[in-house]
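Worksheet: the structure to be examined is printed underneath.
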Amino acid sequence: MFDLTLAGARAGLRKGEFSSRDLTEAFLGAIETLNPVLNAFITVTPELALRHAASADAALARGEHGLLTGIPLAIKDLFCTQGVRTTAGSKILEHFIPPYESTVSANLLRDGAVFLGKANLDEFAMGSSNITSAFGPVVSPWTRNGDNRPLVPGGSSGGSAAAVAARLALGATATDTGGSIRQPASFCGITGIKPTYGRCSRWGIVAFASSLDQAGPVARTVEDCAIMLQSMSGFDPKDSTSADLPVPDFAAACRRGVKGLRIGVPREYRSDDMPPEIETMWQQGLAWLREQGAEIVDVSLPHTKYGLATYYIVAPAEASSNLARYDGVRFSSRTDGADLNELYENTRAAGFGSEVKRRIMIGTYVLSAGYYDAYYLRAQKIRALILKDFTDVFRTVDALVTPTAPSAAFAQGERMDDPLKMYFNDVFTVPANMSGIPGMSVPAGLDAQGLPLGLQVLGRPFDEETVFAVGAAIERAAGFTALPGMRAGGGA
Amino acid sequence: MSLDPATVRRIARLARIRVEETQLVPLGHELSGILNWIEQLNEVNIDGVEPLTGAANMALRLRPDAVTDGGNVEGVLSNAPDRAGAFYAVPKVVE
Amino acid sequence: MSYAIEGRTGPWEIVVGLEVHAQAITKSKLFSGAPANFGAEPNSQVSFVDAAFPGMLPVLNQEAVAQAVRTGLGLNAHINLVSRFDRKNYFYADLPSGYQISQFEHPIVGAGQIEIQLADGTTRQIGVTRLHLEQDAGKSLHDQHPTKSYIDLNRAGVPLMEIVSEPDIRSPEEAGAYVRKLRSILRYLGTCDGNMEEGSLRADVNVSVRKHGEPYRTRCEIKNVNSVRFVMLAIEAEAKRQIEVWEDGGTVQQETRLFDPNRNETRPMRSKEDAHDYRYFPDPDLLPVVLDEVWIAELKAALPELPDAKQARFTGDFGLSSYDAAVLVAERATADFYEAVAAGHDPKQAANWVTGDLFALLNRTGRTIEDSPVSAAALGALLGLIADNTISGKIAKQVFDIMAETGEDPAAIVQARGLRQVTDTSAIDAVVDAVLAANPDKVADYKAGKDKMFGFFVGQVMKAMAGKGNPALVNAALKARIG
Ligand SMILES: [Mg+2]
Ligand SMILES: [Zn+2]
């Protein structure tokens, strides 16, 4: 049962081979066994899951086949879920129970999904390794060959990615502000897509950086992502940046093929210090696409190297403002003080972890009097240049293919002495957030240590269909079947 | 460039995050490391470039003026760490 | 003679600019669907957006935008086709998100102007720098508990139009006239109810002083002044304070102050002592507001006649004095009432009745023009009875008092109480003859040149006729007999 993809499970449910209750109980059991090791879930909701499963089974019995009827999913703990604690991985929201359901999770419930629980993440989605969660780090289900040191699952959607990779859920919601869907998908050997900014409603998702945040799915296959994204997407009048556009049939797009497509290879994504295995896998991916009829074209995105530094102005600036609401007055945990300002300062000092504080401080600084023009305004202008780079190349190519991350997963404790080292994880993913374009990570192979590596597919705004077509083509050719050591129904 | 303790204190105060005096110097170094790295952006020519605020390339949608919300005192107060009847409560503020 | 405050070192000029916060009339809040009206139970008009719960997002209210555009048009201001919302970041108990959504760099309305009229009949143009939309904050109650403040977010997110003037104002009187005129325009437009007690109109007053011909000196901002009288008093008190500081060799510090009407003085606001660094930046949850010129034209076409235009028409078409016209147009309801009374009647006479007897009646009874005991139609009918000689002007006052008391129709009152004026000349002649016969000595005086006696005879005749004699006919009859 744990070998099933989301699409496979859906077919089985429809044929009555098993019930949603069967599936849900199996996953809940697996979570019980593996979560103490992986820490992929902050909150598990067995009663709620079984309730969802019961109503899914009733719907299936009536012949109602929603897009996701009866499919057990994990929900990143950044999505507000009505009546279910939502922490954003932060101590400051330790006790927060939203009285509302995020639009994306509500869409999934509308389509019959079963929620197993809330997936762990970097605090307020700020991180690339899941070590910043106030609820402890997530452990990757993967280990290096002959080395049992725990690895990071990537971040910030590390809990979501680890849960899917370890087969504790058929899919999971995730969010991506600078790579937080694609990088953990790459580290965990699964697929994830950040759709175009505006495709999924941000309403009810705890905000990190509003102009960059975008929800998307992680799942085992490209098609599974297509099915989930189909459900998650759509116009929401409650989000002023939500795009009022029809949602295409993403699953159909997976079957399109790449014949005649022009695939761009941005030369700026190549660097001398990139591990040779990543370069090799990249070339392999391009060869697969060429074999399937695509034309490979060298292109230039000249401002690529500035994306990361630009991101580390824009995202902290927005975050410093977005996180001001956690002040101990209306919903966040409170640490008392002699007066209101002391209460604020104590609450926020105790409630936020060091990475969150660091980013709030950076964001506050770059917006402060005398520094706005030098930092924030300059970053916005460079952001315009980054978007222009993409707009220009998409006049001549249909999609871009790059590595997802500059390395495979690393061990807990590695790269943690200097925040900048951690920030470099996002160097290939950040430009898609800066420009709003869709990006997907597809597992393409293993490195010499037996760890998965992903390829990133980038597409034109609101052309996720081409991204799915290219992603599916890589997936078909790669035949990626490697599995992590720790997984339900498998190893230990 | 390195952020001096006074600047770190000012930023922490603006952000309402309590920072212990002993942390001002190390935190200043840490933040300076990031800011110095960001300085690389100074080499980009931004002459005549219009700033881009967000990736959504459209005009703001306006909603019709209708009352669709409110009347949910318990809902808005249910997570409050301190309340007094239908009010949120905080330490006394002097105007 | 321009206003000045006399200090020890000579006269000081005051320089005032006003930031008026006017609540835009809408059903719901600026960015949420919670109701925007005043006076509900605490926290009952609060959405999760207003309380800044995690993941909540603002969606702009179209009517608030329309109200801002209407107001801009009413101030003859430039409407910006593209504007934007920014976040103004600061921590405060009644500011749930830690930022106020406002418009900093690109307001929806640009430069305009307001003409004010002063008591001496002169007018002045006061420049309006800009109008922008922003959210109101919630309300903190500090007097409910010994150690706690209570927070009510009902007002949080209510739409405000901040209307900023140029520092063109030079006296408390001008400031008062500016606020009154702005309030009048807003009420005409129906964009703000102007209710200062409920806080739907409040002013931040920027005051500085200088010697004549000097550049501007440091200003102080007096926050949230909530009546026209207090605006004027606060300016005077603050200007005097600043003059003292300067004359004592000190320096005025730029700061935010509060006006205490009980002590008639301003004092610094403790809560605003923190360094101001609002870290404005474009709100990434919102996109640029792009206005359609056709829509603006539609809003413009639907605007009512505004006080200045009405006043010009009242003086031009109706021949009213500028003073009377100004009094009548200050409130739209008064102007409408007046026009209804004047329809088909002598406009000047109508103005006299409205500003005289009617205003006196309203004052006496504590009523407003909207619930006047005498309707515009009834007052018009009364003027009709004067015009067609059914009653004299003097009897009309009597009829008016009865109308006010009983609400009866003036024609019915005249009929039932026999107040119809006598125009039968033989009846008048008979009374005139009787009066002259009864006062031979006075007739002699008159004939000897005491012209004033003529009035005495008129009075006696009218008295004998219980006031109902037609004054013109009585005059004519007397003239015919005693020349
Ligand atoms: Mg102000
Ligand atoms: Zn304001």
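These numbers come from the heavy atoms of this one structure, side chains and all, not from hydrogens, waters or symmetry mates. Letters go in sequence order (proteins before strands), and every chain restarts at 1.
Atom-to-atom distance recorded for C:Leu57:CG and A:Thr103:OG1 is 8.5 Å, nearest 0.5 angstrom. The structure places OG of A:Ser368 at 5.0 Å from CG of C:Asp277, a figure rounded to the nearest 0.5 Å. We find the CZ-CG distance between A:Arg330 and C:Asp50 to be 11.0 Å, quoted to the nearest 0.5 Å. Distance CE/C:Met56 to SG/A:Cys80: 6.0 Å, rounded to 0.5 Å.
Each of A:Ser321, A:Ala324, A:Ser211, A:Gly370 has some count of heavy-atom pairs under 4.5 Å with chain C, and the biggest count is that of A:Ser321. Interface check for chain A: of the options C:Gly33, C:Ser149, C:Pro282, the most heavy-atom pairs under 4.5 Å are formed by C:Pro282. Each of A:Tyr100, A:Tyr326, A:Phe96 has some count of heavy-atom pairs under 4.5 Å with chain C, and the biggest count is that of A:Tyr100.
Contact of A:Leu340 with chain C is made through the side chain alone, with heavy-atom distances under 4.5 Å. Residue contact with chain C, scored on non-hydrogen atoms closer than 4.5 Å, is absent for A:Ser201. A:Asn322 touches chain C through backbone and side chain together, each having a heavy atom under 4.5 Å away. With a 4.5 Å cut-off on non-hydrogen atoms, C:Asn89 touches chain A through its side chain but not through its backbone. Within the 4.5 angstrom heavy-atom criterion, only backbone atoms of A:Ala317 (N, CA, C, O) approach chain C.
For C:Phe53 and A:Phe331, the ring centers are positioned less than 6.0 Å apart.
Using a 4.5 Å cut-off between non-hydrogen atoms, the part of residues 378-388 of chain A that approaches chain C consists of A:Gln380. Below 4.5 Å, heavy atoms of chain C meet heavy atoms from A:Pro237, A:Lys238, A:Asp239, A:Ser240, A:Thr241, all part of residues 232-242 of chain A.
With A:Tyr344 contributing its side chain and C:Ala93 its backbone, the two residues share a donor-acceptor pair below 3.5 Å.
Note on ring orientation: taking the six-membered ring where Trp is involved, the planes of A:Tyr376 and C:Phe281 are perpendicular (angle over 60°, cut-offs 30° and 60°).
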Would A:Arg325 and C:Tyr99 count as a side chain to side chain donor-acceptor pair (under 3.5 Å) here? Give the steps.
CA-CA 8 Å; A:Arg325 66 191 59 201; C:Tyr99 55 84; 2.9 Å; yes
